[in-house]
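Chain letters run A, B, ... following the sequence lines, proteins first and then strands; every chain starts at 1. Hydrogens, waters and symmetry mates are skipped; everything else that's a heavy atom, side chains included, is used.
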Number of protein chains: 2
Amino acid sequence: MKKKLVKFVKDRRKMLGLTQEELAEKAGVGLRFIRDLEQGKETLRMDKVNQVLALFGHELLPVETKKLSDE
Amino acid sequence: MKKKLVKFVKDRRKMLGLTQEELAEKAGVGLRFIRDLEQGKETLRMDKVNQVLALFGHELLPVETKKLSDE
DNA sequence: TGTTTTTATACCCGAAAAGGTATAATATTG
DNA sequence: CAATATTATACCTTTTCGGGTATAAAAACA
């Protein structure tokens with residue numbers, strides 16, 4: 001199963017050479033939140049996720065779901 | 001200020017001729033949630049929003065934020 | 001290897017989201 | 001206009017997310 005959001009955050013964070021702790025601080029969220037996010041938890045608060053994505057110049061928006069088969 | 005998500009949900013719902021109540025039931029969320037969502041509340045749970053968007057064949061994903069001026 | 005850094009799990013607590021209900025306020029319709 | 005349907009606000013309760021802390025596991029590095 002997929003997790004585009006998870007992959008996006010992990011990739012971007014490593015791209016910037018940040019630890020989860022540093023990302024948490026920069027984003028203004030708790031370390032636990034970053035962990036949960038990167039672990040694929042889905043019951044996260046939208047605004048908190050957006051706080052993190054904002055660091056990467058991104059935000060959560062409705063995108064067409066094209067789920068033909070997998071990947 | 002914008003609210004793409006709000007506009008998207010309202011438009012799609014009306015497009016299908018549904019009331020907030022009907023949308024809530026179909027999505028499996030409370031009526032109050034739909035109201036909060038369409039009212040621009042940002043501290044919503046991501047998975048619940050996705051339940052709603054799924055009815056429209058969409059999902060929340062990270063999208064580049066292009067905030068040149070407004071609109 | 002052993003040492004250190006980073007990440008993953010688990011537990012506790014306060015804050016607040018989600019849902020239900022009730023009631024205003026708007027729209028819609030006759 | 002009035003009557004009805006739909007949407008917006010407010011209050012209350014239950015549930016759980018988010019944060020802090022502690023510890024275990026895994027990675028990185030000497």
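B:Asp36 places no side-chain N or O within donor-acceptor distance of the main-chain N or O of B:Leu44, the cut-off being under 3.5 Å.
Residues from residues 6-20 of chain B placing a heavy atom under 4.0 Å of any atom in DNA chain D, listed by number, are B:Arg13, B:Thr19, B:Gln20. For DNA chain D, the neighbouring residues in residues 28-38 of chain B, judged by any heavy atom under 4.0 Å, are B:Arg32, B:Arg35.
Nearest heavy atoms, B:Val6 versus B:Leu37: CG2-O, 3.4 Å. Closest of all the heavy-atom pairs between B:Arg12 and B:His58 is NH2-CE1, 3.6 Å. Nearest heavy atom pair, residue B:Leu5 against residue A:Met46, reads CD2-SD, 3.7 Å. Residue B:Arg13 comes nearest to B:Leu23 through the heavy atom pair CD-CD2, 3.6 Å, listed as atom of the first residue, atom of the second, then distance.
Protein chain B touches strand DNA chain C; the 5'-most and 3'-most nucleotides with an atom under 4.0 angstrom of its non-hydrogen atoms are C:dA17 to C:dT21.
We find the CD-NZ distance between B:Gln20 and B:Lys10 to be 8.5 Å, quoted to the nearest 0.5 Å. The distance from atom CG of B:Leu60 to atom NZ of A:Lys4, rounded to the nearest 0.5 Å, is 13.0 Å. The distance from atom OG1 of B:Thr43 to atom CG of A:Asn50, rounded to the nearest 0.5 Å, is 11.5 Å.
For the pair A:Gln39 CD and D:dG18 P, the computed distance is 15 Å after rounding to whole Å. Atoms CD (A:Glu42) and C1' (D:dT16) sit 16 Å apart, rounded to a whole Å.
Contacts classified as salt bridge (charged side-chain N to carboxylate O under 4.0 Å, His left out) and involving residues 43-56 of chain B (residues at least two apart or in different chains) are given here: B:Arg45-B:Asp47. Among residues at least two apart or in separate chains, there is no salt bridge (charged side-chain N to carboxylate O under 4.0 Å, His left out) pair with a member in residues 14-27 of chain B.
Salt bridge absent: A:Lys3 and A:Glu38 never bring a charged side-chain N and a carboxylate O closer than 4.0 Å.
Overall bending of the helix from C:dT1-D:dA30 to C:dG30-D:dC1, expressed as the angle between end axes built from five pairs apiece, is 60° (10° steps).
No more than 12 heavy atoms of other residues, nucleotides or ligands shown are found within 6.0 angstrom of NZ on A:Lys7.
Using the six-membered ring where Trp is involved, A:Phe8 and A:Phe56 have ring planes that are perpendicular, over 60° apart on the 30 and 60° scheme.
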